[in-house]
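In what follows, a single structure is set out as structure tokens and then discussed.
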Amino acid sequence: AADVVQKAKSGHPGAPMGMAAMAHVLWGEIMNYSPKNPDWMGKDRFVLSNGHSCALQYLMMYLTGYDSVGMEDLKKFRVCRSRTPGHPERHATKGIEVSTGPLGQ
């Protein structure tokens, strides 16, 4: 998460790094989801209300196999019109459940 934020030269690395252990447990052991079928109605939803921490969500989506977030997308974190904007946007990235950006608007 820190590398993604550092490359963007803006953002908040602290929250994604501080929440990494929680995300590992949630995504690895607790949540039910399907990277191959992100529209599955029976899935658990990961809603990141502090949208400035979205580097963590994008990384977890990448690590768990979502096609909508690849390594090239991570390299474009916070780039205008990328699939990895600085706050999660439902219309920009398949698998994002709730938009909390830009800046919650």
Side-chain angles (χ1 to χ4, degrees):
D3 292 342
V4 170
V5 174
Q6 181 66 30
K7 184 179 182 311
K9 295 185 170 114
S10 69
H12 305 276
M17 290 172 34
M19 295 182 347
M22 172 272 304
H24 174 75
V25 172
L26 276 177
W27 289 73
E29 300 176 20
I30 296 173
M31 287 177 42
N32 294 305
Y33 56 93
S34 175
K36 299 299 177 202
N37 184 12
D39 294 325
W40 173 42
M41 292 301 295
K43 70 182 174 285
D44 291 325
R45 271 86 172 152
F46 184 80
V47 177
L48 192 64
S49 63
N50 56 337
H52 59 273
S53 303
C54 63
L56 173 71
Q57 186 170 15
Y58 298 140
L59 285 162
M60 293 308 297
M61 291 173 69
Y62 169 71
L63 292 171
T64 56
Y66 278 78
D67 292 335
S68 57
V69 180
M71 183 55 70
E72 291 304 312
D73 298 307
L74 293 173
K75 291 177 182 178
K76 294 177 183 171
F77 176 63
R78 296 184 65 98
V79 172
C80 189
R81 292 189 265 309
S82 74
R83 289 196 278 183
T84 52
H87 284 246
E89 297 179 31
R90 191 167 190 273
H91 69 277
T93 313
K94 191 77 165 170
I96 298 292
E97 294 292 327
V98 175
S99 295
T100 60
L103 298 176
Q105 299 176 9

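Values below: all heavy atoms of this structure, side chains included; hydrogens, waters and symmetry mates excluded.
Of all heavy-atom pairs between Ala55 and Pro16, the closest is CB-CG, 4.3 Å. Across all non-hydrogen atoms, the minimal contact from Ser53 to Ala15 is OG-CB, 2.9 Å.
The 12-atom threshold is exceeded at NZ of Lys43, counting heavy atoms of other residues, nucleotides or ligands nearer than 6.0 Å. Within a 6.0 Å sphere centred on CZ of Arg81, heavy atoms belonging to other residues, nucleotides or ligands number 12 at most.
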Worksheet item: Can Leu48 and Met19 be said to form a side chain to side chain contact (heavy atoms under 4.5 Å, CB included), step by step?
Response: CA-CA 11 Å; Leu48 192 64; Met19 295 182 347; 3.7 Å; yes

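When the side chains of ILVMFWY residues are joined at heavy-atom separations under 4.5 Å, either directly or via intervening members, Val47 and Tyr58 end up in two distinct hydrophobic clusters. Met22 is not connected to Val98 by any chain of hydrophobic side-chain contacts under 4.5 Å among Ile, Leu, Val, Met, Phe, Trp and Tyr, and they are in different clusters. Linking Ile, Leu, Val, Met, Phe, Trp and Tyr whenever their side-chain heavy atoms come within less than 4.5 Å puts Leu56 and Met71 in one cluster.
The backbone N or O of Asp44 sits nowhere less than 3.5 Å from a side-chain atom of Asn32 that would complete a donor-acceptor pair. Judged by distance alone, with hydrogens and angles left aside, the side-chain atoms of Arg78 form no donor-acceptor pair with the main-chain N or O of Pro85 at under 3.5 Å.
To the nearest 0.5 Å, the span separating CG on Asp39 from NZ on Lys94 amounts to 3.5 Å. Distance check, rounded to the nearest 0.5 Å: NE2 of His87 to OG1 of Thr100 gives 6.5 Å.
Evaluation of the side chain to side chain donor-acceptor pair (under 3.5 Å) test over residues 62-72, restricted to residues two or more places apart or in two chains, returns Lys36-Asp67, Glu72-Lys75. Judged as a side chain to side chain donor-acceptor pair (under 3.5 Å), not a single pair has a partner in residues 19-31 (not counting sequence neighbours).
In this structure the side chain of Ile96 reaches within 4.5 angstrom of the side chain of Met61, judged on heavy atoms. For the pair Gln57/Thr93, no side-chain contact is recorded, criterion being any heavy-atom separation below 4.5 Å from C-beta on.
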